[in-house]
Amino acid sequence: MKPRVRFAPSPTGYLHIGGARTALFNWLYARHTGGTLVLRIEDTDAARNSQEAVDVILNGLRWLGLDWDEGPLTPDATGPCKGDRGPYFQSQRKENYQRRVEALLSRGLAYEHEGAIKFKMTREPITIPDLVVGDVVRPLTDREQLDPDWVLVRSDGQPVFHFVNVVDDLEMGITHVIRGEDHLSNTAKHIALFRAFGVEPPKYAHIPLILNGDGSKMSKRDKGASLTNYLDEGFLPEAVDNYLCLLGWSPKDNLEKLSLAEVIERFDLPQILRHNAKFDFEKLLWLQGEYCRELAPDRFYELAVHAFAKKGVDTNKLDVNYVKAALDTCRGKIKTFAELPAYAGFYFTDTIEYDVEAVKKDFVPENKPRLEKLRDAFAHAPAFDAGSLEAALKETAKILGVKAGVLVHPCRLAVTGKTSGPSLYHLLQVLGKERVLARIEKALAGI
RNA sequence: GACCCUAUGGUCUAGCGGUUAGGACACCUCCCUUUCACGGAGGUAGCCCGGGUUCGAUUCCCGGUAGGGUCGCCA
């Protein structure tokens, strides 16, 4: 029988990076085994849930490239879904829970208590056979020994998470539950419930948690905890996917950069690591740089244009060849698209803001005649292309008896306002004679 | 407080009784380039502690310690 796995997030308005990895691991297992991935929305908390919150999850998964075989097609709980085991929103499954409670009640496995309905929990220790951790024996804690029974349905009629989760997994035919290790202890409750329904529980695989760099738990307010954050910062989904795979799983042959297709081939449950991992932003950034560098030109332009648009710079109004030429000088230089507007903004504005420290260093009186000479050399260069400009600059330096760097730095500052950026000669070529001479002139006036 | 999981450089990891403990990120040095990146060549840095078992433990067992998790009419 082919495995049926599920990702069952609660729509809280954001998708936790750990949740994203749980989704990824479920997806990988489904694709590796040829099984089915079910997406189920656990929206029992009507007050807190909203369509927008569901949309965050759907968009996040789609961005990562994780498709599901069964589940919602839109964020609307009553909207279209695919799959024949629906509904896939818990808010639409009330009758199921009702029916299941009555079954337990009628068999004396649950009882009413102060308006709530409680489950008669086993007193004996329960063994959780976990595919990642191994057999885990979970006895009752001292507090549980005082009252081992737990609430299935609140006094207001709302069923609790542990109950609906198990009922849905049972009715949706889930064979493998792959989820965060924070659920490991409570799995005893789930197993007991499955047995109460006379069904063998699914196989469990509890994956380690993702922690902050300092080892603390990644909570909602931690920057970097939300997947949306990476989307907004201009990360590439393939970089995020790749990095997430490396957290708690390893291809084992010293491979670091690998595609999802390669991971699908190698991925399996027993190889999942048992210990938590700290999130290393620097390593993600490195992978991001790797993928960014090999981006197809069209996609690079598209993402770059989008990044500028987000900063209020509409490059669509400009000559497309100019924009492409400008962006080409940035390829391989930036890592995330979010840094692009600051990196190459000088191409699309005539208001150059000079780096204050660099001005003190490079816009000094002795550089004024040098910059004037350079301006003249550029003005009379046989052609305004990178090669000619480089030759002109070096020739000028030679005449002045200075190193090329003496001219390079003030020139870059005058034209871009910055101390670093794309190749100087190439950016001069892209900017064109008119802009370059005007900017040097303007800088000269301020020295 | 009870119970559960975990433990290789700063970080992610390979290792599954005998290895000069391997790789990657980060960091440092040098080369390339008179910007910044990229690339190339080196370098610093690790088996949590204590007992066993064994001819021999990073590896197996026990105990500590540390980190994480759970014990809700939250999910």
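Side chains are part of it too, since the values below use all heavy atoms of this structure and drop only hydrogens, waters and symmetry mates. Note that the structure is predicted; figures quoted are calculated from it, not measured.
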At under 4.0 Å between heavy atoms, what does [X] touch on the DNA or RNA strands: base, sugar-phosphate, or nothing?
X	answer
A:Tyr243	nothing
A:Gln145	nothing
A:Leu284	nothing
A:Ser155	base
A:Lys403	base
A:Pro422	base
A:Val408	nothing
A:Val137	sugar-phosphate
A:Glu144	sugar-phosphate
A:Gly248	sugar-phosphate
A:His162	base
A:Ala404	base
A:Arg143	base

Rounding to an integer number of angstrom, what distance separates [N] and [M] when you compare their [atom1] atoms?
N	M	atom1	answer
B:G69	B:C36	C1'	45 Å
B:A7	B:U58	C1'	12 Å
B:A21	B:C47	P	12 Å
B:G10	B:U6	P	23 Å
B:C74	B:G50	C1'	42 Å
B:A26	B:U11	P	16 Å
B:G51	B:A57	C1'	13 Å
B:G23	B:A14	P	15 Å

Rounded to the Å, how far apart are [X] [atom1] and [N] [atom2]?
X	N	atom1	atom2	value
A:Asp168	B:A75	CG	P	13 Å
A:Asp362	B:C36	CG	P	13 Å
A:Asp182	B:C74	CG	P	18 Å
A:Arg266	B:A14	CZ	P	14 Å
A:Leu244	B:U13	CG	P	12 Å
A:Leu413	B:C36	CG	P	15 Å
A:Leu152	B:A75	CG	C1'	16 Å
A:His190	B:U70	NE2	C1'	11 Å

Between [options], which nucleotide gets closest to the side-chain atoms of [X]?
X	options	answer
A:Leu246	B:A24, B:C4, B:C12	B:C12
A:Thr141	B:C36, B:C3, B:U11	B:C3
A:Leu247	B:A7, B:C12, B:U11	B:C12
A:Ser250	B:U11, B:U13, B:C71	B:U13

Both distances below 3.5 Å, Watson-Crick or wobble geometry, any strand: find the nucleotide opposite [N].
N	result
B:U6	B:A66
B:A24	B:U11
B:U59	none
B:U29	B:A41
B:U35	none
B:C71	B:G1

Using 30° and 60° as the class limits, which term best fits the ring planes of [X] and [Y]: parallel, tilted or perpendicular?
X	Y	answer
A:Tyr354	A:Phe363	perpendicular
A:Trp249	A:Phe267	tilted
A:Phe235	A:Tyr230	perpendicular
A:Trp150	A:His162	perpendicular

If we only count heavy atoms from C-beta on, is the A:Leu247 to A:Tyr243 side-chain gap below 4.5 Å?
-> yes
Do A:Val54 and A:Pro72 have side chains that get closer than 4.5 Å, going by heavy atoms?
-> no
Would you mind listing every salt bridge (charged side-chain N to carboxylate O under 4.0 Å, His left out) that reaches into residues 337-348 of chain A, with sequence neighbours excluded?
-> none
Looking only at heavy atoms, which two atoms of A:Ile352 and A:Val415 are closest? And how far apart?
-> CD1-O, 3.7 Å
At their closest point, which heavy atom of A:Ile17 faces which heavy atom of A:Ile210, and how far apart are they?
-> O-CD1, 4.2 Å
Under a 4.0 Å N-O cut-off, is there an ion pair linking A:Asp362 with A:Arg412?
-> no
Has the side chain of [X] got a donor or acceptor that lies under 3.5 Å from a partner of the other kind on the base of [N]?
X	N	result
A:Ser185	B:C3	no
A:Lys252	B:A14	no
A:Arg412	B:U35	yes

Protein-nucleic acid N or O pairs under 3.5 Å, nucleotides 58-68 of chain B:
unit_1 : atom_1 : unit_2   : atom_2 : d
B:G68  : O2'    : A:Asn276 : ND2    : 3.0

Please confirm whether A:Lys257 makes a cation-pi placement over A:Tyr291, using NZ or CZ under 6.0 Å from the six-membered ring centre and within 45° of the ring normal.
-> yes
Please confirm whether A:Arg85 makes a cation-pi placement over A:Tyr88, using NZ or CZ under 6.0 Å from the six-membered ring centre and within 45° of the ring normal.
-> no
Side chain to side chain contact (heavy atoms under 4.5 Å, CB included) between A:Asp385 and A:Tyr425, intermediate numbers included = CA-CA 8 Å; A:Asp385 58 65; A:Tyr425 309 114; over 6 Å; no
Compare side-chain N and O positions of A:Arg154 against OP1 and OP2 of B:A75 and report whether any pair is under 4.0 Å apart.
-> yes
OP1 or OP2 of B:C4 under 4.0 Å from side-chain N/O of A:His183 = no
Between the side chains of A:His206 and A:Arg179, does any donor sit under 3.5 Å from an acceptor?
-> yes
Given that A:Asp156 and A:Gly213 both sit by RNA chain B, which one's nearest nucleotide is further toward the 5' end?
-> A:Gly213
Distances under 3.5 Å only, N/O to N/O: pair up the protein atoms with those of nucleotides 37-39 of chain B.
unit_1 : atom_1 : unit_2   : atom_2 : d
B:A37  : O2'    : A:Gly332 : O      : 3.4

